[in-house]
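Presented below is the structure to which this report refers.
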2 protein chains.
Amino acid sequence: MAETDWTDRHVARWRSHWVDIHFDDEVEALVTRIGRLQRFLKSTVQTAVAEVGIQDFEYETLHSLMIRDTPGTASPTDLAEDLGVSGAGMTGRLDGLEKAGWVQRTHSPDDRRRVVVEITREGADIWRRAMALRGAQEEELASVLNDRERVQLNRLLKKLTLWTETR
Amino acid sequence: MAETDWTDRHVARWRSHWVDIHFDDEVEALVTRIGRLQRFLKSTVQTAVAEVGIQDFEYETLHSLMIRDTPGTASPTDLAEDLGVSGAGMTGRLDGLEKAGWVQRTHSPDDRRRVVVEITREGADIWRRAMALRGAQEEELASVLNDRERVQLNRLLKKLTLWTETR
DNA sequence: CCAGATTACTTCGCTAGCGAATTATTCGTC
DNA sequence: GACGAATAATTCGCTAGCGAAGTAATCTGG
């Protein structure tokens with residue numbers, strides 16, 4: 001691979017200017033590339049889901065609601081944990097989603113502290129349309145890799161995620 | 001690999017509930033794992049650099065200042081582009097860094113529209129200490145992979161980043 | 001040489017999200 | 001069965017960051 005990416009140049013600059021400081025090229029490159037890929041993915045999701053009139057964090061919240069053992073329904077706390085936002089942040093998101101008519105909140109009858117969030121018909125519809133667009137973007141990116149490479153990449157990434165989840 | 005990570009369970013839930021919708025398991029897994037790894041990395045950087053009394057975005061800005069062809073000096077626009085923040089956001093970051101005494105801004109003498117950002121002695125010191133802590137965290141994560149796997153993972157990630165940077 | 005376009009940065013108004021405090025409900029124990 | 005601890009969500013005050021508008025300096029073409 002003769003071509004260099006941003007990360008190669010970043011690491012090379014480091015090497016030439018700061019040789020005295022301990023620094024593992026491969027580790028820095030890994031971390032940098034993951035960060036830059038995530039930035040790219042976020043921006044493509046943003047523009048993709050904007051086409052159906054929804055924002056990335058709204059899409060993500062609806063997505064989290066649908067992709068669970070009880071599809072379309074969850075507690076605010078569950079959603080907050082899965083999405084890595086605070087409870088306060090989730091209240092804010094749900095306020096917006098509820099006002100837009102994409103979810104509705106009701107108090108659980110057997111424990112009135114609990115809130116049950118449910119997706120509405122309109123919420124499910126817009127989520128499906130946003131997901132199709134987002135999926136197309138991601139497949140375009142993934143098409144750079146062949147099937148074997150995708151599996152291989154997932155295998156290596158999973159080694160890392162497993163460690164982060166169990167430590 | 002018998003153990004499942006969060007992403008495996010996420011994809012499996014999808015499979016069992018929404019089989020009718022087009023959906024590539026490997027692609028969804030890739031995107032999900034990259035997102036979750038970035039989330040993890042962000043949180044470890046946050047706690048690591050907090051030990052020297054600095055925030056992640058401050059550390060990143062100093063880091064970007066140091067890792068360039070002209071170490072320790074740059075324009076706000078260059079920094080904003082490298083870091084993926086808006087010009088307005090960079091002005092805000094530099095306000096904070098300048099107030100803390102970690103950078104200083106001067107007008108370029110030959111083009112007075114331009115601002116030259118320079119790191120101070122204190123800025124460079126705190127960056128070095130933050131970097132050591134951050135690096136230790138990242139190496140701990142990377143130690144899950146052996147040398148061959150790190151190279152392999154970087155090779156696959158680079159295929160993706162190259163595409164995102166040139167399309 | 002000067003009027004309009006361009007460039008570089010900052011200011012302004014606004015939004016998403018955070019942590020801490022608050023409210024409301026349920027659990028646990030004596 | 002009542003009182004304190006624990007739990008679930010929301011409210012509050014605040015911060016980082018965005019896009020658009022504004023300011024100031026430089027370039028460019030007639």
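Every chain is numbered from 1 and lettered A, B, ... according to where its sequence line falls, protein lines coming before strand lines. Since we're looking at a predicted model, the values are computed, not measured.
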Quick one: sort the A:Trp163 and B:Phe40 rings into parallel, tilted or perpendicular, breaks at 30° and 60°.
->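 Judged by the thresholds at 30° and 60°, the geometry between A:Trp163 and B:Phe40 is perpendicular.
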List every contact pair, protein side and nucleotides 21-26 of chain D side both N or O, where the distance is under 3.5 Å.
unit_1 : atom_1 : unit_2   : atom_2 : d
D:dT26 : OP1    : B:Arg112 : N      : 3.1

[X] bridged to [Y] by N-O distance under 4.0 Å:
X	Y	result
B:Asp125	B:Arg129	no
B:Glu26	A:Arg148	no
B:Arg33	B:Asp8	yes

Starting from C1' on D:dG17, measure out to CZ on A:Arg39 and report it in whole angstrom.
->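 Those two atoms, CZ and C1', are 14 Å apart.
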Rounded to the Å, how far apart are B:Glu58 CD and D:dT15 C1'?
->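 Rounded to the whole Å, the gap is 12 Å.
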Could you go step by step and tell me if B:Ser108 and B:Asp111 meet the side chain to side chain donor-acceptor pair (under 3.5 Å) rule?
-> CA-CA 5 Å; B:Ser108 165; B:Asp111 184 344; over 6 Å; no
Start with the C-alpha gap between A:Asp69 and B:Arg9, add the side-chain angles, then the distance that decides, and say whether salt bridge (charged side-chain N to carboxylate O under 4.0 Å, His left out) holds.
-> CA-CA 10 Å; A:Asp69 288 333; B:Arg9 297 188 289 278; over 6 Å; no
Step by step, work out the side chain to side chain contact (heavy atoms under 4.5 Å, CB included) result for A:Leu160 and B:Leu153.
-> CA-CA 11 Å; A:Leu160 297 175; B:Leu153 179 51; 3.8 Å; yes
Would you say the side chain of B:Glu81 lies within less than 4.5 Å of the side chain of B:Thr77, judging by non-hydrogen atoms?
->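 A side-chain contact exists here, since the closest heavy-atom pair is under 4.5 Å.
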DNA chain C contacts made by residues 83-103 of chain B, counting heavy atoms under 4.0 Å |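 Here the set is B:Gly87, B:Ala88, B:Thr91.
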Of the residues in residues 40-57 of chain B, which ones touch DNA chain C at a heavy-atom distance under 4.0 Å?
->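 By residue number: none to list.
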Phosphate-side-chain proximity, B:Arg105 and C:dC9, N/O vs OP1/OP2 below 4.0 Å |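 Result: no.
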Can you check side chain to side chain contact (heavy atoms under 4.5 Å, CB included) on A:Arg150 and B:Asp24, steps first, answer last?
-> CA-CA 11 Å; A:Arg150 290 185 194 185; B:Asp24 184 319; 3.1 Å; yes
Donor + acceptor pair across side chains of A:Thr161, B:Arg36 (<3.5 Å) =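 No, B:Arg36 and A:Thr161 have no side-chain donor paired with an acceptor closer than 3.5 Å.
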